[in-house]
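Contents: one structure, followed by commentary.
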Amino acid sequence: MLKRLLQGVILMSTLSAATLQAAPRELIIDTDPGADDLVALFLAMASPNELNIRAITTVAGNVRLDKTSRNARLAREWAGREDIPVYAGAGRPLVRPPIYAAEVHGEEGLTGVPVHEPKQPLAPGNAVQYLVDTLAKAEPHSITVAMLGPQTNLALALIQQPDIANGIKEVVVMGGAHFNGGNITPAAEFNLYADPHAAAVVLASGVKLTYLPLDVTHKLLTSDARLKQLAAVNNRASRQVVDILNAYIKHDMDLYGMPGGPVHDASVIAYLLKPELFSGRQVHLSIDSREGPSFGQTVPDWYGVLKQPANVLWVNEGDAQGLFDLLSERLARLQ
Ligand code: RIB
Ligand code: CA
C-alpha cells in the first residue's frame with residue numbers, strides 16, 4: 001500500500017514538473033546580421049527549450065542582403081543549429097534606396113571574426129512568401145516575430161496578405177529612439193531610418209507590438225568585467241562573441257563617449273527569455289517618414305498628451321547585468 005502511495009506521489013510530482021515547463025514559444029527571427037544580430041542569434045539558438053525557432057529570415061540592413069544571408073547561415077553553423085531554415089528576403093527598403101552600416105559592422109557584416117561560405121544553403125523561396133505562407137496557416141496569435149533589422153520583409157508580407165496578422169502572437173522590435181536621440185541621425189535609429197515606411201505598415205496592422213529602442217539598449221552596455229565574464233565561458237561561441245563585441249563597440253564608444261558598447265538586438269531575445277529583466281510603458285507611437293531631419297523618427301507619446309490609444313509597449317529600462325548573466329549562461333551551452 002505504502003509503495004503504491006509513493007509511486008503515486010512520484011508520478012504526480014513528475015507530471016507537475018512536466019506541466020510547469022511551458023511549451024516553447026514559436027518564433028521567427030527577422031534579421032540583418034550584423035554584429036549584435038549574431039549575439040542575438042546565438043542567444044536564441046542556445047535556448048531551444050524556450051524558443052522554437054521556425055526560421056530565420058534575412059533582410060538588407062547593416063550590409064547587403066547577400067552578406068546578411070550568408071552571416072545568418074554562418075550563425076546557425078557556428079551554433080550547431082543547421083536544423084533552422086534561413087530564407088533571404090528584401091534586398092532594399094519599400095521606398096528609399098538601401099542604406100548600410102559597414103563602418104560599424106565591417107564590410108562583411110561580422111566585424112572581428114573571419115567569415116567563410118557556410119556549408120548549408122539558403123532555404124528555397126523568398127522570406128516574404130515564407131512569412132505569408134507560415135503566418136496564414138498558423139493557429140491564431142501563435143507565432144512571435146523578433147525583428148532585429150529593418151521591417152521590410154514583414155511589411156511586404158502584410159501588404160500582400162493583411163490577414164496574416166491573425167497568425168502573429170506579437171512582434172518584438174529592436175528599433176526606434178526617443179529620450180536620447182538617434183544613432184544614424186539626431187532623430188532616428190538605424191532600423192527605423194532604413195525603412196520607416198515598413199515600420200508604419202507593421203504598426204498600422206494592429207499586431208501586438210513591443211519596441212526595444214535605443215532608450216533601453218544604450219543602458220545595456222558592455223564593460224571590461226562583462227566582456228571578461230563572456231570570455232570566461234571559454235568555448236568557441238563565447239570567443240567569437242567577445243571578438244565581435246571588442247571590434248563592434250569601438251564605434252559607439254568613440255561616437256557617444258559611452259563607457260561600453262550596446263548589444264542592441266540581444267536585448268530582444270533576452271526580453272523573450274526573461275521579460276522580467278525589462279520594463280516600459282504602453283504608449284501611442286507615431287513614425288515619421290517625411291523627407292527631412294525627422295525622417296525615420298519614432299515619436300512615443302510617453303505622457304499620453306495626445307489622448308490616442310496605446311499601440312506599442314515602449315521598453316525603456318533593462319537589467320544590464322541580468323542580460324549579460326543570461327548571455328553567459330546560454331553561450332556556455334554552445335560549442
Ligand atoms: O540601431 C541598431 C540596430 O541597427 C541594430 O539592430 C543593428 O544590428 C542595426 O541593424
Ligand atoms: Ca540588426
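Both ligands and their constituent atoms are indexed starting at 1 by order of listing. Please read all numbers here as calculations on a predicted model, not as lab measurements.
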With heavy-atom distances below 4.5 Å as the criterion, would you say the side chains of [X] and [Y] are in contact?
X    : Y    : result
P140 : N166 : no
V263 : Y248 : no
R54  : Y130 : yes

Exercise. Can you tell which of T31, T57, T58 makes a side-chain hydrogen bond (donor to acceptor under 3.5 Å, both in side chains) with S69?
Worked result: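 With S69 as partner, T31, T57, T58 yield a single side-chain hydrogen bond (donor to acceptor under 3.5 Å, both in side chains), made by T58.
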Problem set entry | E117 and its salt bridge (Lys or Arg N to Asp or Glu O under 4.0 Å) partner, picked from R73, K67, R70 |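 Answer after filtering R73, K67, R70: R73.
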Exercise. Yes or no on side-chain contact (heavy atoms from CB on, under 4.5 Å) for T111 and H251, after CA distance, side-chain angles and deciding distance?
Worked result: CA-CA 11 Å; T111 186; H251 176 273; over 6 Å; no
Exercise. From D301 CG over to L306 CG, what is the distance, rounded to the nearest 0.5 angstrom?
Worked result: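 The distance works out to 4.0 Å.
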Exercise. From Q229 CD over to Q321 CD, what is the distance, rounded to the nearest 0.5 angstrom?
Worked result: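 So the gap between those two atoms works out to 5.0 Å.
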For this session: Please list, in chain and residue-number order, the protein N/O/S atoms closer than 3.0 Å to the Ca ion (ligand 2).
Result: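 Correct list: D32 OD1, D37 OD1, D37 OD2, L148 O, D265 OD2.
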Exercise. Does the ring center of H264 lie less than 6.0 Å from the ring center of F190?
Worked result: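 Distance test on ring centres: not under 6.0 Å, no.
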For this session: Taking only heavy atoms of the protein into account, state which residues are under 4.0 angstrom from an atom of ligand 1, in chain and number order.
Result: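 Contacts of ligand 1 under 4.0 Å: D32, D36, D37, N62, H105, L148, M174, N183, E189, F190, N191, H264, D265.
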